[in-house]
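Quick notes on the structure that follows.
Lettering follows sequence order; numbering is per chain, from 1.
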There are 2 protein chains.
Amino acid sequence: MGSKSDIPIALRAAYLALHRCSDAAFAAQGITADQFVLLATLARGDALTQRELARRMSSDPSTVRAMLVLLERLGLVKREGHPTDARARTVALTAAGKRKFRKLWAAGEPIRSQMFDALNPGEAPLLVQLLNRIATALNEASISVGQPPSFNSHEVEP
Amino acid sequence: MGSKSDIPIALRAAYLALHRCSDAAFAAQGITADQFVLLATLARGDALTQRELARRMSSDPSTVRAMLVLLERLGLVKREGHPTDARARTVALTAAGKRKFRKLWAAGEPIRSQMFDALNPGEAPLLVQLLNRIATALNEASISVGQPPSFNSHEVEP
DNA sequence: CTGAAATCGTGCGTATACGCATGAATGCGA
DNA sequence: TCGCATTCATGCGTATACGCACGATTTCAG
């Protein structure tokens with residue numbers, strides 16, 4: 001066994017570590033790591049359909065729906081009927097959601113720095129590129145079963 | 001926003017893609033991606049305590065316990081009292097577990113190849129190194145709350 | 001030796017991941 | 001135009017992630 005089987009292992013370990021750290025960092029705000037991902041994705045601009053939101057956060061629509069129910073109840077997001085498509089609903093941050101996001105963004109800064117500082121100059125963009133390539137390859141391999149998530153580097157996480 | 005906030009996003013996307021693909025690949029065997037991780041970790045050698053198993057697969061002990069209950073019921077793992085520590089139990093693959101693992105390892109081969117082939121020569125070991133550094137940095141940042149998982153590159157995943 | 005701290009597994013509660021199924025709406029081809 | 005395929009959100013069931021609490025056992029410091 002060598003590098004080939006090391007990739008999934010290292011990927012899993014890194015991701016779970018990130019997830020754990022993020023959960024802890026946002027706990028004081030009563031928000032989980034994944035809720036932050038959702039809020040951050042919405043903070044990026046216009047209202048999105050649930051489907052588009054799920055795509056942008058690389059998540060399953062079913063999961064996103066459950067999360068939205070929860071966050072809507074907390075008053076951080078609002079869902080409205082889509083202007084032109086009766087099947088869809090648009091999701092956007094509320095004013096409270098925007099305020100909460102700003103605090104969360106600051107709370108996530110140490111984590112982003114720890115990851116960035118663990119790398120040498122120039123390695124961060126390289127890592128991002130490699131990971132995106134992996135994600136693309138795996139999503140394309142399963143393209144016959146559904147639309148791959150869109151990868152938009154402007155989306156944010158801790 | 002730039003590379004610094006891109007890292008968590010790319011990491012999440014890559015991991016979830018891997019997880020999804022793996023789940024699909026092992027579904028025919030009635031095994032999930034995470035169950036494969038557990039079985040693969042045990043396939044590496046001697047019986048482990050639950051705590052050590054959880055560490056080696058970068059998982060939470062509570063989660064591992066629930067998984068073991070399930071896999072024990074399926075007859076793929078067995079848990080026994082620890083020879084010297086009355087608090088602990090050791091976990092090992094059964095013969096059926098070993099047979100199942102061999103099939104799963106083969107089923108995961110296409111996924112490992114897809115990831116590997118998405119990279120240029122020399123990039124795989126680099127990616128693994130970068131990911132391990134990230135994981136280490138994040139785990140050390142939270143070391144005050146507990147023992148970090150051990151990172152053993154010999155452990156396997158799809 | 002003794003008491004406190006640490007460790008082990010267990011279980012609970014909450015959150016997330018995702019396949020599958022469903023009904024309603026939209027898009028597309030004949 | 002019409003019927004079929006696709007898309008959207010919803011909800012269910014199963015699995016996993018993890019903090020927290022607990023009881024039992026082991027380790028450690030005085």
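Here D/dA17 presents its C1' atom at 16 Å from CG of B/Leu138, a figure rounded to the nearest Å. Here D/dT16 presents its P atom at 15 Å from CG of B/Leu16, a figure rounded to the nearest Å. Separating the CZ atom of A/Arg12 from the P atom of C/dA17 is a distance of 14 Å, rounded to the nearest angstrom. Going from atom CG of B/Leu53 over to atom P of C/dT7 covers 18 Å, rounded to whole Å. Rounded to whole Å, atom C1' of D/dT7 lies 12 Å from atom NE2 of A/His82. One atom, CD of A/Glu80, and another, C1' of D/dA9, lie 16 Å apart when rounded to the nearest Å. One interatomic measurement links the two molecules: CZ of A/Arg79 to P of D/dC8, which rounds to 16 Å at whole-angstrom precision. Nucleotide C/dA15 holds its P atom 18 Å from the CG atom of A/Asp60, rounded to whole Å.
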Are B/Glu140 and B/Thr136 close enough, and set up right, to give a side chain to side chain donor-acceptor pair (under 3.5 Å), and what steps lead you there? CA-CA 6 Å; B/Glu140 285 180 352; B/Thr136 299; 5.8 Å; no

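Put simply, the side chain of A/Ser59 never gets that close to the backbone of A/Val64: no donor and acceptor are under 3.5 Å apart.
The distance from atom CG of A/Leu71 to atom CD of A/Gln35, rounded to the nearest 0.5 Å, is 4.5 Å. The distance from atom OG of B/Ser58 to atom NE2 of A/His19, rounded to the nearest 0.5 Å, is 14.5 Å.
Picking from D/dT7, C/dT10, D/dA9 the nucleotide with the shortest atom distance to the side chain of A/Gln50 gives D/dA9. The side chain of A/Met67 sits closest to C/dA17 out of C/dC8, D/dC18, C/dA17. Comparing atom distances between the A/Ala86 side chain and each of C/dT16, C/dC8, C/dT26 picks out C/dT26 as nearest. Nearest to the side chain of A/Arg89, among D/dA9, D/dG19, D/dT16, sits D/dA9. Across D/dC18, C/dA15, D/dC8, the shortest atom-to-atom separation from the side chain of A/Leu70 is found for C/dA15. Picking from C/dC8, C/dA24, D/dA15 the nucleotide with the shortest atom distance to the side chain of B/Ala88 gives C/dC8. With distances taken from any side-chain atom of A/Asp85 to the nucleotides C/dG9, C/dT26, D/dA17, the minimum falls on C/dT26. Of the listed nucleotides (C/dT26, D/dA9, C/dC18), D/dA9 has the atom at the smallest distance from the side chain of A/Thr49.
For B/Ser62 and C/dG9, a side-chain-to-base donor-acceptor distance below 3.5 Å is absent, hydrogens and geometry of angles not being considered.
Using a 4.5 Å heavy-atom cutoff, the side chains of A/Arg79 and A/Gln50 are in contact.
Across the interface with DNA chain C, nearest-nucleotide mapping of A/Ala66 and A/Thr84 shows A/Ala66 to be the residue nearer the 5′ end. For the pair A/Val69 and A/Ala24, both in contact range of DNA chain D, the more 5′-proximal nearest nucleotide belongs to A/Val69.
The number of heavy atoms from other shown groups lying within 6.0 Å of CG (B/Asn120) is above 12.
For the pair A/Thr32 and C/dT16, the criterion of a side-chain N or O lying under 4.0 Å from OP1 or OP2 is met. Look at B/Arg87 and you won't find any side-chain N or O under 4.0 angstrom from OP1 or OP2 of C/dT7. Between B/Arg51 and the phosphate of C/dT7, there is no side-chain N or O to OP1/OP2 separation shorter than 4.0 Å.
Residue B/Thr63 is classed as a base contact, given a heavy-atom separation below 4.0 Å to a base.
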